[in-house]
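In what follows, a single structure is set out as structure tokens and then discussed.
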Number of protein chains: 2
Amino acid sequence: MFSKACEYGIKATLYISEQALHSEKKIGVKDIAKEINSPEAFTAKIMQILTKKKIVKSAKGPSGGFFIPKEELDKIMLSEIVEAIDGDHIYKGCGLGLDQCNADKPCPVHDKFKLIRDELAEMLTKTSLLELANGLDSGLTFLKR
Amino acid sequence: MFSKACEYGIKATLYISEQALHSEKKIGVKDIAKEINSPEAFTAKIMQILTKKKIVKSAKGPSGGFFIPKEELDKIMLSEIVEAIDGDHIYKGCGLGLDQCNADKPCPVHDKFKLIRDELAEMLTKTSLLELANGLDSGLTFLKR
DNA sequence: GTCTTTATATGATTTTTATCATAAATCCCA
DNA sequence: TGGGATTTATGATAAAAATCATATAAAGAC
């Protein structure tokens, strides 16, 4: 469904979000990689994308790291992360990979896929980091294993 | 969503299905590749998977090729093709790529994804080749461009 | 039976994605 | 003001997916 990079990106962001609930401390990429079971250097690269897209903030130097202000958690939606890393292909792309596929000249599965993609899009645009971070924090959901 | 191989596989099968509506003639891989805009050799490889999985039948020699008996078109579901080529990962895999992710120990997006994956699964298991071939045949849907 | 046509099988190449490694820049603190 | 810590930036490597190429086998036509 998503690329590996996107999966890691979501997990990393969620881990940062959960931490933001409790403290202002910034989180290093080493911590993140450990907590979400991801290769460290690759994770660093993904974090760069996310900071460039202004989804997470970063600070250099000692006690630096990545963070998201607590007040923003309910305003950042899952869709932003997905689009930042994987683009809008999932929403807009044709299920059979046709370049042009729309209601006018649809592929055989266009209508059926549209229903599902729209639903996916809605889910992603309506799910906030806060909501998911709360689930993690309450021990109901998990980021590894 | 699907791999390239799977996209080609679906398109190829649909093209064969549409032809089956009209004639008993077998269809060569060259024809298929032309009609669905796919690389010929790669298409051949995919067709082998589909024949091995008994989704399409094949015949060697002159006027040989691939075909599906007309009577079977309404019994073959899209899901069979997807599973043959991409496996059941789309249905069963975790949205965040966790090895173990289930109701007991769910990832943060488990529930939300389950709804969508289940819907996708239902759509695929209920859509027959016949239905899609009819759409193609009536000129309502297209396999290229 | 030989020749042509077509699928089958297999392996090589290319491209993309994922991962790793290193150098540069920035910041904090002493 | 300099040095260590840490992000940032960039490029190299590895792995996987997609594509290409070639050789083999089977079937029908003559």
Side-chain angles (χ1 to χ4, degrees), chain A residues 1-13 16 19 24-34 36-68 82 84-87 89-90 93 96-97, chain B residues 1-13 15-16 19 24-68 82 84-87 89-90 93 96-97:
Chain A
M1 183 91 83
F2 301 131
S3 71
K4 221 78 181 145
C6 192
E7 290 178 0
Y8 292 147
I10 293 172
K11 286 193 260 192
T13 312
I16 295 173
Q19 297 313 106
E24 306 273 302
K25 256 194 295 188
K26 300 167 190 66
I27 305 165
V29 67
K30 199 167 289 188
D31 269 353
I32 296 173
K34 198 182 299 170
I36 70 174
N37 252 339
S38 65
E40 194 177 315
F42 189 36
T43 307
K45 192 172 266 187
I46 296 165
M47 293 314 296
Q48 287 172 44
I49 298 174
L50 292 174
T51 53
K52 200 167 286 179
K53 300 269 180 160
K54 309 271 175 69
I55 294 170
V56 307
K57 298 186 193 315
S58 70
K60 295 181 182 179
S63 81
F66 300 93
F67 65 101
I68 302 175
V82 173
I85 300 176
D86 277 355
H89 174 72
I90 305 187
L96 297 185
Chain B
M1 184 92 84
F2 302 131
S3 70
K4 221 76 182 145
C6 191
E7 290 178 359
Y8 292 148
I10 294 172
K11 286 194 260 192
T13 312
Y15 175 59
I16 295 173
Q19 296 313 106
E24 306 273 302
K25 256 194 291 186
K26 301 167 190 67
I27 305 166
V29 68
K30 199 166 292 189
D31 267 352
I32 296 173
K34 198 182 299 171
E35 284 302 322
I36 70 174
N37 251 341
S38 66
E40 193 177 316
F42 189 36
T43 307
K45 196 171 266 185
I46 297 164
M47 292 315 296
Q48 285 173 45
I49 298 173
L50 293 174
T51 53
K52 201 166 284 176
K53 300 269 179 156
K54 309 271 175 74
I55 294 170
V56 306
K57 298 187 193 315
S58 69
K60 293 182 184 178
S63 79
F66 300 93
F67 64 100
I68 303 174
V82 173
I85 300 176
D86 277 354
H89 174 71
I90 304 188
L96 296 185

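Remember, predicted model here, so these are calculated numbers, not experimental data. Per chain, numbering begins at 1; letters A, B, ... match sequence-line order.
- Partners of A:Ser58 under the side-chain hydrogen bond (donor to acceptor under 3.5 Å, both in side chains) rule, at least two apart in sequence or in another chain, do not exist in this structure.
- Contacts between residues 28-37 of chain B and DNA chain D, counted as heavy-atom distances below 4.0 Å, involve no residue at all.
- For B:Ala44, counting side-chain heavy atoms from C-beta on, the closest listed nucleotide (C:dA9, C:dA18, C:dT8) is C:dT8.
- Between D:dA18 and B:Tyr8, no contact under 4.0 Å exists linking OP1 or OP2 to a side-chain N or O.
- Partners of A:Phe67 according to the ring pair (Phe, Tyr, Trp, His ring centres under 6.0 Å) rule, which considers only residues two or more places apart in sequence or in another chain, do not exist here.
- Rounded to 10 degrees, the angle separating the terminal axes of the helix from C:dG1-D:dC30 to C:dA30-D:dT1 is 0°, with each axis obtained from five end pairs.
- Not counting sequence neighbours, the partners of A:Ser3 by the side-chain contact (heavy atoms from CB on, under 4.5 Å) test are A:Ala5, A:Cys6, A:Ile85, A:Asp86.
- Look at CG on A:Leu50: it is 14 Å from C1' on D:dT7, rounded to the nearest Å.
- A:Glu7 is linked by a salt bridge (Lys or Arg N to Asp or Glu O under 4.0 Å) to A:Lys4, counting only residues two or more places apart in sequence or in another chain.
- Note: B:Lys26 NZ to B:Ile16 CD1 = 12.0 Å, rounded to the nearest 0.5 Å.
- Judged by distance alone with a 3.5 Å cut-off, a donor-acceptor contact links the side chain of B:Gln48 to the base of C:dA9.
- Identified under the salt bridge (charged side-chain N to carboxylate O under 4.0 Å, His left out) test for residues 30-39 of chain B, with sequence neighbours left out: none.
- Under the salt bridge (Lys or Arg N to Asp or Glu O under 4.0 Å) criterion, B:Lys57 pairs with B:Glu72, not counting sequence neighbours.
- As judged by a 4.0 angstrom heavy-atom cut-off over every strand, B:Ile27 is placed among residues touching the sugar-phosphate backbone only.
- Among all heavy-atom pairs drawn from B:Met47 and B:Val56, the shortest one is CE-CG2, 4.0 Å.
- Rounded to whole Å, the distance from CD1 on A:Ile46 to P on D:dA9 is 15 Å.
- B:Tyr8 meets the ring pair (Phe, Tyr, Trp, His ring centres under 6.0 Å) test with B:Phe42; sequence neighbours excluded.
- Under the salt bridge (Lys or Arg N to Asp or Glu O under 4.0 Å) criterion, A:Lys45 pairs with no residue at all, not counting sequence neighbours.
- In this structure, B:Lys25 atom NZ and C:dT6 atom P are separated by 12 Å, rounded to whole Å.
- Spacing between atom CE of B:Met47 and atom P of C:dT8 amounts to 9 Å, rounded to whole angstrom units.
- As a whole-Å value, the separation of B:Ile85 CD1 from D:dA17 P is 14 Å.
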B/S/- along nucleotides 20-30 of chain C (protein heavy atoms under 4.0 Å) is BB----SBS--
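- In this structure, CG of B:Asp86 is placed 13 Å from C1' of D:dA18, rounded to the nearest angstrom.
- Rounded to the nearest 0.5 Å, atoms OG1 (B:Thr13) and CG (B:Leu50) are 4.5 Å apart.
- By the side-chain contact (heavy atoms from CB on, under 4.5 Å) test, B:Ile36 is found to be paired with B:Lys11, B:Ala12, B:Tyr15, B:Ile32, B:Ser38, B:Leu143, residues two or more places apart in sequence or in another chain being considered.
- Distance B:Lys4 NZ to C:dT16 C1': 12 Å, rounded to the nearest Å.
- The separation between A:Phe67 atom CZ and D:dT7 atom C1' is 12 Å, rounded to whole Å.
- At a threshold of 4.0 angstrom between heavy atoms, the contacts of A:Lys26 with the nucleic acid are absent.
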